[in-house]
There are 2 protein chains.
Amino acid sequence: MTSQDRNARFARALIELRSLILKGEFAAGDRLAETGLAERLGLSRTPLRQAMDRLVDEGLLERIETGGCRVASFGMDDILDAIELRGVMEGTAARLAAERGADPDLAARMEEVTDALEVAVDPDRFDFRAYVRLNAEFHDILAHLAGSPIVAREVERACRLPVASPTAFLQGQEVIPDFRDSLLRAQVQHRALTQAIAAREGARAEALAREHARLARENFQYVMMKKPDLAARVPGLSLVAP
Amino acid sequence: MTSQDRNARFARALIELRSLILKGEFAAGDRLAETGLAERLGLSRTPLRQAMDRLVDEGLLERIETGGCRVASFGMDDILDAIELRGVMEGTAARLAAERGADPDLAARMEEVTDALEVAVDPDRFDFRAYVRLNAEFHDILAHLAGSPIVAREVERACRLPVASPTAFLQGQEVIPDFRDSLLRAQVQHRALTQAIAAREGARAEALAREHARLARENFQYVMMKKPDLAARVPGLSLVAP
DNA sequence: CCTTCCTTCGCTGTATACAGTATCCCGCAG
DNA sequence: CTGCGGGATACTGTATACAGCGAAGGAAGG
């Protein structure tokens with residue numbers, strides 16, 4: 001067996017299948033036949049089934065009562081709810097970090113990241129790739145800031161809900177000038193959130209994190225209503241019905 | 001193959017294994033060998049592995065880097081965090097139900113259940129079994145009240161975090177007179193929550209649901225500190241290290 | 001007596017085999 | 001032309017086979 005990692009096959013199945021689904025390779029409601037998929041991905045049904053179970057849990061697939069799985073379909077409401085929940089979870093992480101005191105190392109790194117984000121969104125030195133990377137790190141730190149493994153786990157889980165990730169709408173922003181403004185507003189919130197946590201202002205930190213997630217909501221609605229042609233570029237948006 | 005249900009083997013494996021773990025059949029940190037367990041449960045490794053994957057996701061098991069699973073161990077902090085998150089999720093369900101308007105049928109049923117709970121905790125007509133059943137239904141309704149499948153899913157998921165379920169501490173209450181008072185306070189909150197949602201008071205509903213979860217926190221701390229001998233009766237508490 | 005290395009056993013992850021059932025397609029009747 | 005069995009097909013859920021790696025235990029040396 002060619003196993004470099006302990007779970008190499010399963011990990012590959014999960015990543016590749018999730019990628020295929022988000023890429024819109026299948027239509028919403030399509031039934032996924034394990035046999036064909038396994039062959040297509042070049043592995044056996046066992047790790048593939050494992051991956052499908054996981055994707056059912058993430059919400060990208062639905063189990064069929066009669067057997068098998070189909071690709072889930074979402075209404076706009078579902079996506080908005082998922083984003084709302086991500087905001088609630090990040091808000092909780094922020095509040096707990098403020099109330100209990102943040103992990104010092106992480107807090108320091110969070111300040112650095114916030115400063116770096118400031119530079120990245122500066123119109124003179126605008127650096128989109130850096131922004132995407134730093135933004136992802138910011139949200140990752142936030143999840144762990146309260147020092148609670150359980151909270152971190154569940155925040156990260158909320159980010160895996162369909163199209164709810166903090167980075168979900170950063171793929172297409174390069175080409176949407178209107179989103180530049182959204183980045184600036186996001187950065188104001190990053191800064192305020194960092195300060196609120198440092199000042200132990202739990203309620204404010206929670207409210208800021210929730211409001212921060214609303215940006216994703218705005219971006220989502222903007223894409224769906226004004227630029228439906230862009231939906232193909234944002235992973236997963238092809239599964240959203242109007 | 002004796003398949004009454006489509007997933008009979010897997011479902012049985014999940015229920016029985018979870019029950020064994022919560023019952024304290026294994027010590028925290030024990031490695032679970034699939035071979036032996038499969039034989040013990042009378043099924044093959046395939047559905048058992050599926051169940052173990054699920055329990056890893058629920059947090060009862062931990063994957064070992066080198067392969068296999070072990071029974072997770074929790075600190076008191078972990079349980080408190082899990083309860084906190086359950087409160088946050090139920091609070092969100094309550095807030096959204098208030099803000100968006102609750103499903104009329106469910107709202108009506110919730111009133112009925114609240115009235116019935118009132119009767120069940122009446123000292124003259126105290127009915128513990130009815131309370132347990134109605135309380136479970138109350139929380140189930142709450143999860144679905146906003147009419148959002150995503151929210152309902154995630155609320156229910158938060159209730160599966162270790163010892164975070166609204167019913168987790170209702171097993172032993174029969175024998176702990178001190179908990180009678182806790183039931184009365186819980187019922188005051190049930191009533192207030194129902195009214196807040198009906199009155200579209202989102203912030204109040206959210207705060208009430210969070211505070212309601214704090215009762216579980218109190219019960220947990222009471223059992224751990226004052227009545228450690230009772231820990232054996234509450235499912236899962238044997239895995240909690242002081 | 002303790003430590004260290006090697007061997008052996010056992011366990012995991014993956015692939016495959018098997019049995020039962022839903023699904024699909026076709027022919028036929030209305 | 002449409003709706004409805006009926007059989008073949010294919011797919012799912014479960015069991016088992018297999019290969020490689022880890023863990024434990026014993027032998028040998030310090």
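By convention in this document, chain letters (A, B, ...) are assigned in the order of the sequence lines, proteins followed by strands, and residues within each chain are numbered from 1.
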Distance, rounded to the nearest Å, where B/Arg49 contributes CZ and C/dT12 contributes P:
8 Å
Can a side chain N or O of A/Thr46 be found less than 4.0 Å away from OP1 or OP2 on C/dT14?
no
Could you tell me whether B/Arg157 and B/Glu58 make a salt bridge, using a distance below 4.0 angstrom between a side-chain N and a carboxylate O?
no
Using heavy atoms and a sub-4.0 Å distance, could you list which residues of residues 29-42 of chain A are near DNA chain D? By number, please.
A/Arg31, A/Leu32, A/Ala33, A/Glu34, A/Thr35
Please check if the side chain of B/Asp30 supplies one atom and the backbone of B/Ala27 the other of a donor-acceptor pair under 3.5 Å.
yes
Nearest whole Å is fine: how far is D/dT16 C1' from B/Leu48 CG?
15 Å
Between A/Arg63 and A/Asp53, does at least one N-O distance fall below 4.0 Å, as a salt bridge requires?
yes
Between B/Arg70 and B/Leu32, does a side-chain contact (heavy atoms from CB on, under 4.5 Å) hold up when you go through it step by step?
CA-CA 6 Å; B/Arg70 90 184 90 199; B/Leu32 292 191; over 6 Å; no
So, B/Glu90 and B/His212: side-chain donor and acceptor under 3.5 Å apart, yes or no?
no
Whether A/Lys23 and A/Glu16 form a salt bridge (side-chain N of Lys/Arg under 4.0 Å from carboxylate O of Asp/Glu) is what I want to check.
no
Could you give the CZ-to-P distance, from B/Arg45 to C/dT12, as a whole number of Å?
6 Å
Interatomic distance where CZ belongs to A/Arg9 and C1' belongs to C/dT16 [whole Å]:
14 Å
Rounded interatomic separation in angstrom, taking CD from B/Glu65 and P from C/dT12
15 Å
In whole angstrom, what separates A/Arg6's CZ from C/dT12's P?
9 Å
Between P of D/dC11 and CZ of A/Arg70, the distance in whole Å:
17 Å
Heavy-atom nearest nucleotide on DNA chain D taken for B/Pro47 and for B/Thr66; more 5' hit belongs to B/Pro47
Roughly how many Å is it from CZ in B/Arg63 to C1' in C/dT12, rounded to a whole number?
11 Å
